[in-house]
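None of these values were measured; they are calculated from a predicted model.
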Amino acid sequence: MEKINNVTEFIFWGLSQNLEIEEVCFVVFSVFYIVILLGNLLIMLTVYVGNLFKSPMYFFLSYLSFVDICYSSVTAPKMIVDLLAKRKAISYVGCMLQLFGVHFFGCTEIFILTVMAYDRYVAICKPLHYMTIMDQDRCNKLLLGTWVGGFLHSIIQVALVVQLPFCGPSEIDHYFCDVHPVLRLACTDTYVVGVVVTANSGTIALGSFVILLISYAIILVSLRKQSAEGRRKALSTCGSHIAVVIIFFGPCTFMYMRPDTTFSEDKMVAVFYTIITPMLNPLIYTLRNAEVKNAMKKVWGGKVFWKANGKQLEVI
């Protein structure tokens, strides 16, 4: 069948049809987005200024913050502007790019969280071999793997959608372009595509979640052999990781581990993992992680000065 595409743009219904609610949401989500930017930038600057990249935990944490900024920026600015707009439109190309960005950065974040769990497993269960196993070369390869995995996942999602015909209507009951809402607008049977989409996204979300749960279960069991002080430090670090995992994977699993259907709650759930989680990540890692708090005190509580050669920052 020849592809027919009469749709050049899509119209979002947005978060609400009530003008007063949208005005309140505009203020609230504008504040949330500013917190996302400032909080995650603070963590990235702490790692950079403090020259903490040699520590695998800080290395991956800084990239998690970077991905959080990118992930939320794919949807939040457009959503915030649309809250005050009468006509919430996005071009067909813009919609496909947004779909790509959401899945690219979302999947990359899933893989980074999985790698961070592996890092904590090695640090706690194999402390004597930690620096050998998690050397800089391996960290770089693991990070590259997260980006490649996210790219491949996203390319598959977009490829499944762009080959579909769209002949109208073009209204999306959402505030950004995601696979399930867009599939509903295709003027052809999307059952097979929906199954592939669910298998692709669902396998990654649920599979990574199960791996993370098993990893942290092993870590918690191994803590029985640690001293009281060792358990306290390990739980402080792992507690923040576990909190992030639950907050992020809960909504993701709800959205993507199901058939090609949409629910009225989808928009609120999507807000949780596209905006709330990137905002909470810096707070969780700074408030619950003693090592991160100490690093920030050391970096921002000390004096930062340039070395004589003017090329490297040092903290005293």
Please name all residues satisfying salt bridge (Lys or Arg N to Asp or Glu O under 4.0 Å) with Asp137, sequence neighbours left out, ordered by chain then number.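 Testing Asp137 for salt bridge (Lys or Arg N to Asp or Glu O under 4.0 Å), a comparison that skips the adjacent residues, returns Lys141.
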Is the backbone of [Y] close enough, under 3.5 Å, to the side chain of [X] for a donor and an acceptor to pair up by distance?
X      : Y      : value
Thr190 : Val193 : no
Thr277 : Phe272 : yes
Lys88  : Ala85  : yes
Ser201 : Thr198 : no
Asn18  : Glu20  : yes

If you measure from [atom1] on [X] to [atom2] on [Y], what distance do you get to the nearest 0.5 Å?
X      : Y      : atom1 : atom2 : answer
Thr274 : Ile36  : OG1   : CD1   : 8.0 Å
Met79  : Phe176 : CE    : CZ    : 10.0 Å
Gln157 : Met96  : CD    : CE    : 12.0 Å
Cys25  : Tyr175 : SG    : OH    : 11.0 Å
Leu64  : Tyr71  : CG    : OH    : 12.0 Å
Arg138 : Leu143 : CZ    : CG    : 14.5 Å

Is there a side-chain contact between Val161 and Phe100 in this structure, where contact means two heavy atoms from C-beta onward sitting under 4.5 Å apart?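 No, side chains not in contact.
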Exercise: identify the closest heavy-atom pair between Glu9 and Ala89: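 So the two residues come closest at OE1-CB, 3.9 Å.
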Could you walk me through whether Phe32 and Phe29 satisfy the ring-ring contact (aromatic ring centres under 6.0 Å, His included) test, starting with their C-alpha distance in whole Å, then the side-chain angles of each, then the deciding distance to 0.1 Å, before giving a yes or no? CA-CA 5 Å; Phe32 283 179; Phe29 289 119; 5.8 Å; yes
Can you confirm whether more than 12 heavy atoms, excluding those of Trp13, are under 6.0 Å from its CH2 atom?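 Counting neighbours around CH2 of Trp13, 12 or fewer heavy atoms of other residues, nucleotides or ligands fall under 6.0 Å, so no.
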Candidates Thr108, Asn200, Thr203 - the one meeting side chain to side chain donor-acceptor pair (under 3.5 Å) with His153: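 Only match with His153 under side chain to side chain donor-acceptor pair (under 3.5 Å): Asn200.
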What donor-acceptor contacts under 3.5 angstrom involve side-chain atoms of residues 110-119, with partners at least two apart or in another chain?
| from | atom 1 | to | atom 2 | distance (Å) |
| --- | --- | --- | --- | --- |
| Thr114 | OG1 | Ile110 | O | 2.9 |
| Asp119 | OD1 | Tyr130 | OH | 2.5 |

